[in-house]
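Below you'll find the structure I mean.
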There are 2 protein chains.
Amino acid sequence: MIATSQDVADRAGVSRSTVSQILNGRGEHFAPETQARVRRAVAELGYEPSAAGRALAKGSSDIVIALIPDTTFGGNLQDIYGGLTDELSRRGLTLVLRLSTHTAASLDRLVIGMKPRAILSLTPFSDDDRQLLERRGVEAIDPQSASHPDVNAEIGRLQARHLIDRGYRRLAYAHLHDARSDTFGGPREREFADECRARGVDAPQIVALGINAEDAAVALDQLGGPGFAIGCYNDDVATALLHAASLRGWRVPQELALIGMDHTPLSRLTTPPLTTVEYDTTLVTEATVQSVLSRLDKEGFSAAHTEVRLRVIEGGTS
Amino acid sequence: MIATSQDVADRAGVSRSTVSQILNGRGEHFAPETQARVRRAVAELGYEPSAAGRALAKGSSDIVIALIPDTTFGGNLQDIYGGLTDELSRRGLTLVLRLSTHTAASLDRLVIGMKPRAILSLTPFSDDDRQLLERRGVEAIDPQSASHPDVNAEIGRLQARHLIDRGYRRLAYAHLHDARSDTFGGPREREFADECRARGVDAPQIVALGINAEDAAVALDQLGGPGFAIGCYNDDVATALLHAASLRGWRVPQELALIGMDHTPLSRLTTPPLTTVEYDTTLVTEATVQSVLSRLDKEGFSAAHTEVRLRVIEGGTS
DNA sequence: AGAGGTCATTGACGCGCGTCAATAGCCGCG
DNA sequence: CGCGGCTATTGACGCGCGTCAATGACCTCT
């Protein structure tokens, strides 16, 4: 019912070992005609090696696990992982997504069980996790260890730069209140603040809110009055603040400027549409693929240092 | 470095076979003290069986793959899969997410490679896929085969019922334009229309739009003028239509009524806030877990017929 | 005391595959 | 004719585990 390498061998009239070697790169030692016969048999039988068998023999599978943070997974993130799935599959790796479960124990179970080739996370691993993964012999790939620069840092920096260039001097940064969803808040805020410092602007005030009218109102209260320009964790945060400002009668952008992040479709439908930051997901995908491959193939991939291209989308909120 | 069942056996002073049986339910035949020794050794070594070995020996792994449709994956869907991950892991199954890749071939590769115990989809499998999966001996679980009723049918019905109860008589249904994202559009529209028929209301007009101002404007044009009540595929669609209506000066809900779906945080921040439909994701999770277990454990789980609870959230658009 | 019977435990096998060391065939050179 | 040196191919082993027939120990009943 389901073809094994033995079936392929029989059909091609060679030994199973021959099949295995030809399919695993050791093919150069074999007569061209033999290779052809084997490949033909593979095609005819629709043979696909069993991951279990491979994993057992090699000690690790061809599976790459991406840990999905508890952030809203949609839009851009989904595009990135979609691209990653395709690209890695083109290289014989199977990308699989796993919603992160917060407990180190279950991470351990997952890793031991599936023996993934690598484990991918968009947020830095804790020291515990990193240690755990190393002990299990799994490549742990996170933004810090990746060869490409951290996108999130760039985002915070760009938001601040834009606002300052526009002439705003009283800045603030707005996190998502729920720390689990504010996955990238740390680095973004840090670089946002750093850019302020570099440009001689007062350190930003920091607020945090959930995506609802009450939280947004409270956040505005904390600022103490109009006159701020706020870098927002994402477009949803910006939308909430925009809503609250509108209820309060603050004029946007004159009395409250906002810059979001993500360029979601809905960010075009607010009044006024949001000023926000867009990024090219294909580049992030590429960069991540590079990171993964360079860590797996010992031969040190060229790590083409793909740059992540960010772009400010001018809206009416800045 | 990484404990195997042999290590456990050595430490407990028994044979590997004993360990294997005790850990796999055949434990009743063993002396209580032996069981205790084995379990202690397992704990001390942090032993976790290798999925590869298991899969090889048993012919299928403990992995359940959920195919993620190309819809926006966030909010509710994410909650559902998060719950599913936890619940299944409690039952010894590892849920893993896979962005759907549209090509039957790659599905095949995935299935042959990982030998999943079951494969889960929120959208019905095509006949080809179903046939493929059956041939590979994988349980294919989709809404049609699930033991619980189809949520999407209920959603369409509820939207129509709400609008009709409110006195609206000229109804329309608004799909997402991109068929890939309009994953559940089919059943929802069907039941929406069916409810109209049952209530003696004219069949709804059908439109489709992307989440942007232009598409929404075109959709309004297609309706031919104000006076409609629209059941929307989701809150984003409703938001787009609300935006377009507002630009056009149509009064909501007097001249255009809307009911969305999902009860997203952003749906509370439109002006007026959307009337929408909320559902209890924990119930969906439960129902799905039941479906999965009843298909895997031959012993026909009681299939507790958990009902999916939907609730209309009154906003200002109906 | 021996036959029969339980209960606790083990040994051996195979799942599908990757990896060498080992073999067989061949040619050229001395 | 024999030997070394190729190249093409194969055999045997082990990865970690589940399964089941088989073993051994012990007890009861005749």
Side-chain angles (χ1 to χ4, degrees), chain A residues 1-38 41-42 45-63 92 94 109 111-115 117 136-137, chain B residues 1-38 41-42 45-63 92 94 109 111-115 117 136-137:
Chain A
M1 167 137 301
I2 195 168
T4 72
S5 66
Q6 182 65 63
D7 299 333
V8 174
D10 292 349
R11 186 174 187 106
V14 298
S15 77
R16 204 184 53 72
S17 158
T18 301
V19 172
S20 183
Q21 300 198 50
I22 289 185
L23 295 185
N24 285 286
R26 231 80 49 204
E28 64 249 23
H29 302 309
F30 290 81
E33 194 228 320
T34 305
Q35 298 189 33
R37 273 215 317 283
V38 167
V42 165
L45 293 174
Y47 167 74
E48 196 71 30
S50 144
R54 270 179 85 87
L56 207 46
K58 308 218 321 174
S60 106
S61 69
D62 291 334
I63 292 179
T94 300
R109 290 221 329 254
V111 167
I112 298 184
M114 311 209 5
K115 298 216 186 328
R117 193 75 168 286
R136 301 306 190 188
Chain B
M1 166 135 303
I2 196 168
T4 72
S5 64
Q6 182 65 64
D7 299 332
V8 173
D10 292 348
R11 185 172 187 108
V14 298
S15 77
R16 203 184 54 72
S17 159
T18 301
V19 172
S20 183
Q21 301 198 50
I22 289 185
L23 295 185
N24 286 286
R26 230 79 51 203
E28 64 248 23
H29 302 307
F30 290 82
E33 192 229 319
T34 304
Q35 298 189 33
R37 273 216 316 283
V38 167
V42 165
L45 292 174
Y47 166 74
E48 196 70 29
S50 143
R54 271 179 85 89
L56 207 45
K58 307 218 321 173
S60 104
S61 68
D62 291 334
I63 292 178
T94 299
R109 291 225 323 259
V111 167
I112 298 185
M114 310 210 4
K115 297 219 188 329
R117 194 77 167 286
R136 302 306 191 188

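We name chains A, B, ... by the order of the sequence lines, and we start the count at 1 in each one.
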How do A:Ser15 and B:Asn24 order along DNA chain D: which one's closest nucleotide is nearer the 5' end? A:Ser15
DNA chain C-proximal residues of residues 46-55 of chain A, any heavy atom under 4.0 Å: A:Tyr47, A:Pro49, A:Ser50, A:Gly53, A:Arg54
Return the OH to OG1 distance between A:Tyr47 and A:Thr4, rounded to the nearest 0.5 Å. 7.0 Å
B:Arg16 (side chain) donor-acceptor with B:Ala9 (main chain) under 3.5 angstrom: no
Please list, by residue number, the residues of residues 16-23 of chain B whose heavy atoms come closer than 4.0 Å to an atom of DNA chain D; answer none if no residue qualifies. B:Arg16, B:Ser17, B:Ser20, B:Gln21
Whether the side chain of A:Ser61 engages the backbone of A:Lys115 through a donor-acceptor N/O pair (distance < 3.5 Å, no angle test) should be reported. yes
Quick one: is B:Thr34 getting a side-chain N or O under 4.0 Å of the C:dA8 phosphate, OP1 or OP2? no
Chain B reaches DNA chain D, atoms under 4.0 Å from its heavy atoms, from D:dG16 to D:dC20
Verdict with supporting geometry, A:Asn24 and A:Arg54, side chain to side chain contact (heavy atoms under 4.5 Å, CB included): CA-CA 11 Å; A:Asn24 285 286; A:Arg54 270 179 85 87; 3.3 Å; yes
Indicate the atoms forming the closest heavy-atom contact of A:Asp62 with A:Gly92, along with that distance. CB-O, 3.6 Å
Comparing B:Lys58 with B:Phe30, nearest DNA chain C nucleotide closer to 5' gives the residue B:Phe30
If you look at every heavy atom in B:Ile112 and A:Glu48, which pair is closest and at what distance? CG2-O, 3.4 Å
One should read off an interatomic distance between A:Gln35 CD and A:Gln21 CD, to the nearest 0.5 angstrom, of 11.0 Å
Is the side chain of B:Asp10 donor-acceptor paired with the backbone N or O of B:Asp7 at a distance under 3.5 Å, no angle test? no
Name the residue closer to the 5' end of DNA chain C, choosing between A:Ser5 and B:Ala31 according to the nucleotide with the nearest heavy atom. B:Ala31
Please check this pair: side chain of A:Ser5 against backbone of A:Ser20, looking for a donor-acceptor N/O pair closer than 3.5 Å. no
Do A:Thr18 and A:Phe30 come within less than 4.5 Å of each other through their side chains, counting heavy atoms only? yes
